[in-house]
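The structure appears below as structure tokens.
The analysis underlying the following values was restricted to heavy atoms, covering all of them including side chains, and did not include hydrogens, waters or symmetry mates.
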Amino acid sequence: WVHRSVRGAVPRREALECTWSIHMQIEPVLCNNTPLFGSMLDANNYFDSFIHFPTLQLLSAAGLPKKFLKLYGFIYKHLKRLYKINVTFCPRHTVHATNGFAQGDAFVLMIANLSATVWARAITARIPRAMPNCLVDDKSITAHNCPSLLKGLLLTERKVGYLGHSTSLT
């Protein structure tokens, strides 16, 4: 179910394949003197910025069992954040958390890969000859013309924004 361009916590897919696929695109471009445009994007506070409700909707659409999603949703529905005032945590000053998933939870990597798969499929479906690459929160797009790359960047901002993410463009 994971898109072929998604790496990270995926069996038989090496993280270094992201750079290999870009290198494989660069050599023919240099030999044939043809253009190649590319951009790398890094998500800001990736696991902390997932918005719970649309992420759970995405998981439901992907076919995860309803009982599991109900339990997982319950955990995050009741999640509260404590504020630290001076050196003490103050239990009276809590805020209901609407975003962020526990880092270190193996299931969160599945959420990350599902999110990346939706993004990669959108890029390949809407932009001919654009090549997405993704390693958890690090995304890259290459295209053979500038308008295609710009279209990919705009599509990326829409897709990642839906789940609460923003990116840093390099």
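Closest of all the heavy-atom pairs between His144 and Pro35 is ND1-O, 3.4 Å. Nearest heavy atom pair, residue Val29 against residue Thr34, reads CG1-O, 2.7 Å.
Checking side-chain atoms of Lys151 against main-chain N and O of Arg126 turns up a donor-acceptor pair under 3.5 Å. Between the side chain of Ser60 and the backbone N or O of Leu56, no donor-acceptor pair lies under 3.5 Å. A donor-acceptor pair under 3.5 Å links the side-chain atoms of Thr117 to the main chain of His3, judged by distance alone. The closest donor-acceptor contact from the side chain of Gln25 to the backbone of Ser21 lies under 3.5 Å.
Judged purely by distance below 3.5 Å, without hydrogens or angles, the side chains of Gln57 and Tyr162 pair a donor atom with an acceptor atom. At a cut-off of 3.5 Å, with distance as the only test, no side-chain donor of Arg7 or Asn113 sits close to an acceptor on the other residue.
More than 12 non-hydrogen atoms from other residues, nucleotides or ligands lie less than 6.0 angstrom from CZ of Phe107. No more than 12 heavy atoms of other residues, nucleotides or ligands lie within 6.0 Å of CG in Asn45, so this atom counts as exposed by the packing criterion.
Ser140 is not listed as a side-chain neighbour of Leu41, based on a closest heavy-atom distance of 4.5 Å or more. Between Phe47 and Leu109 there is a side-chain heavy-atom pair separated by less than 4.5 Å. Side-chain contact between Asn99 and Asp48: absent, with no pair of heavy atoms (C-beta onward) separated by less than 4.5 Å.
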